[in-house]
Visitor: 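Handing you a structure now.
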Amino acid sequence: MKNFITTQDWSMQDLQAILDYAKNLKKNKFQDLLKNKSVALLFFNPSMRTKVSFELGIQELGGYAVVLHPGSDAWPIEFEPAVTMNENPEEHIKEVAKVLSNYCDLIAVRAFPKFINLDEDFEDRVINSFAQYATVPIVNMETITHPCQELAHILTLQENLGNLRGKNYLLTWTYHPKPLNTAVANSSILIASKFGMNVKLLCPSPDYNLHEKYLEQAKKNCEENETEFSITHDIDQAYSGSDIVYAKSWGSLKYYGDAEKESIERHKNKHFIVDEEKMKKTNNAIFSHCLPLRRNVKATDGVMDADYCVAIQEASNRKHVQKSLLTNLLKGK
Ligand code: CP
């Protein structure tokens, strides 16, 4: 039984097979590939694209999706082992994972970090506990990485640029009024490095570097592909020569758990917005973002409305790649 928790557990060839089958499903939308299959979609956090694309995708393949929001329309869950459950949670992950495994053929989970304790958050305990106790495949709908977004991102880049090997890929930090999750940023450097691109990470200062775990994984992927991995804080140098610009905002890991101190640093960096002037420095790059995006905060109207912006295409590809992924996990296709 295979899980889809991080793309690092999958070879590039196996990921490419999912992308290739997604291209087929994009042309032939309705097929009975998931007939009589049921999927539990557990959302511990809000969503628009992920919820709609999973629900509709499963329906289009003849399957059935059950959407649950633990703590809201389902009981709150305890993840601490060997604990006396005197607090809010009504049931333990050991029972939840086993019961859902009996009802459903696959469990997909969205569980963001809590932004209190960095080490605890980066253990990714919620999804790893599901993987530990469930007896059906587990799919990550965004925790500390966002692998389904990675698949949609790469499919979109391939549709626009063809072979990605050797392309110059820029992940730029952008300002946002709140300290956001690093998941999409972690995922961006993992998948760009795995697919053979030269990866550059632009952020305001070393305080905004991503977690060492993901930097090391991306560097290793680049070493294996004989490509370059670099980190810069120089905006002009970063944009120059880029073929792809991907933008994401995230909170500084240095001030993790201290939102007040973190916000003082973050508010100094509003000029990291992606605008037309910066895009002119690139090698006619395409631009994308996972969405949701605050216009004229993270990227200007001019960038979002430009022909080179492929964010909508990436969002729509979520459904196709997820249909392909579920078919792979449940049918071996
Ligand atoms: N990109 C993405 O996962 O969007 P949602 O948060 O709306 O699901």
Side-chain angles (χ1 to χ4, degrees), residues 4-7 15 18-19 22 39-60 65-73 106-115 121 124 126-127 138-157 159-160 171-174 176-192 210 214 244-251 274 286-295 297-299 303-304 309-326:
F4 189 71
I5 294 177
T6 165
T7 51
L15 295 173
I18 291 173
L19 299 176
V39 177
L41 304 175
L42 268 70
F43 288 94
F44 291 82
N45 306 93
S47 163
M48 193 272 265
R49 278 142 290 271
T50 305
K51 181 175 182 297
V52 176
S53 58
F54 264 99
E55 272 199 79
L56 286 183
I58 292 162
Q59 198 175 49
E60 285 172 8
V66 185
V67 180
L68 295 166
H69 304 88
S72 171
D73 60 10
L106 184 144
I107 302 169
V109 178
R110 166 167 286 201
F112 294 172
K114 292 194 167 62
F115 299 107
D121 279 349
D124 223 356
V126 171
I127 196 153
I138 302 297
V139 167
N140 183 344
M141 296 195 295
E142 191 176 351
T143 59
I144 206 73
T145 59
H146 197 351
C148 293
Q149 191 74 45
E150 293 177 45
L151 292 177
H153 184 45
I154 289 295
L155 179 59
T156 308
L157 297 185
E159 286 174 337
N160 285 280
L171 168 66
T172 177
W173 181 92
T174 54
H176 186 282
K178 291 187 237 168
L180 301 182
N181 193 358
T182 56
V184 171
N186 296 332
S187 275
S188 150
I189 62 169
L190 291 184
I191 203 70
L210 294 172
Y214 298 103
I244 297 136
V245 176
Y246 201 47
K248 184 68 185 78
S249 186
W250 61 89
V274 184
I286 58 173
F287 169 79
S288 198
H289 186 279
C290 63
L291 305 179
L293 175 140
R294 293 191 186 214
R295 278 177 172 244
V297 174
K298 286 177 165 179
V303 169
M304 290 307 291
C309 175
V310 295
I312 301 295
Q313 187 182 345
E314 180 168 325
S316 83
N317 276 336
R318 286 287 305 276
K319 189 175 72 171
H320 309 300
V321 295
Q322 288 158 193
K323 286 165 77 174
S324 178
L325 171 69
L326 296 183

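Because the structure is predicted, anything quoted here is derived from the model rather than measured. Each ligand, and each atom within it, is numbered from 1 in the order the structure gives.
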Visitor: Heavy-atom contact under 4.0 Å between Met141 and ligand 1?
Guide: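 Met141 does not count as a contact of ligand 1 under the 4.0 Å cut-off.
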Visitor: If we set the cut-off at 4.0 Å for heavy atoms, which region of Val184 has an atom near ligand 1: side chain, backbone, both, or neither?
Guide: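 Neither; nothing of Val184 gets under 4.0 Å from ligand 1.
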Visitor: Look only at the side chain of Thr172 and the backbone of Ala247, and say whether a donor-acceptor pair between them is shorter than 3.5 Å.
Guide: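 No, because the side chain of Thr172 does not come within donor-acceptor range (under 3.5 Å) of the backbone of Ala247.
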Visitor: Going by distance only, is there an N or O of Lys51 that falls short of 3.5 Å from an N or O of ligand 1?
Guide: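 There is no such contact.
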Visitor: Can you tell me which residue among Val109, Asn45, Val184 is in a side chain to side chain contact (heavy atoms under 4.5 Å, CB included) with Glu142?
Guide: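 Among Val109, Asn45, Val184, the one that satisfies the side chain to side chain contact (heavy atoms under 4.5 Å, CB included) with Glu142 is Val184.
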Visitor: What atoms in ligand 1 come closer than 4.0 Å to a heavy atom of Gln149?
Guide: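 Near Gln149, the atoms of ligand 1 are 1 (N), 2 (C), 3 (O).
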Visitor: Can a donor-acceptor pair be found, under 3.5 Å and without considering hydrogens, that links the side chain of Asn181 to the backbone of Ile144?
Guide: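 Absent.
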Visitor: Using only heavy-atom distances, determine whether the side chains of Ser187 and Gln149 contain a donor-acceptor pair under 3.5 Å.
Guide: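 Side-chain D/A pair, Ser187 to Gln149: absent.
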Visitor: Please check if the side chain of Asn186 supplies one atom and the backbone of Thr145 the other of a donor-acceptor pair under 3.5 Å.
Guide: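 Side chain of Asn186 to backbone of Thr145: no pair is present.
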Visitor: Arg318 heavy atoms, cut-off 4.0 Å: which ligand 1 atoms fall inside?
Guide: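 Counting from 1, the qualifying ligand atoms are 1 (N), 2 (C), 3 (O).
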Visitor: Is any N or O atom of Pro292, backbone or side chain, closer than 3.5 Å to an N or O atom of ligand 1?
Guide: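 No; the residue has no nitrogen or oxygen that sits under 3.5 Å from a nitrogen or oxygen of the ligand.
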Visitor: For the side chain of Trp173 and the backbone of Trp250, is there at least one donor-acceptor N/O pair under 3.5 Å apart?
Guide: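 Side chain of Trp173 to backbone of Trp250: a pair is present.
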Visitor: Of the listed options (Met48, Arg110, Glu142, Arg49), which comes nearest to atom 6 (O) of ligand 1 when hydrogens are ignored and any heavy atom counts?
Guide: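 Answer by nearest heavy atom: Arg110.
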Visitor: What atoms of ligand 1 come within less than 4.0 Å of a heavy atom belonging to His146?
Guide: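 Checking each atom against His146, I get 2 (C), 3 (O).
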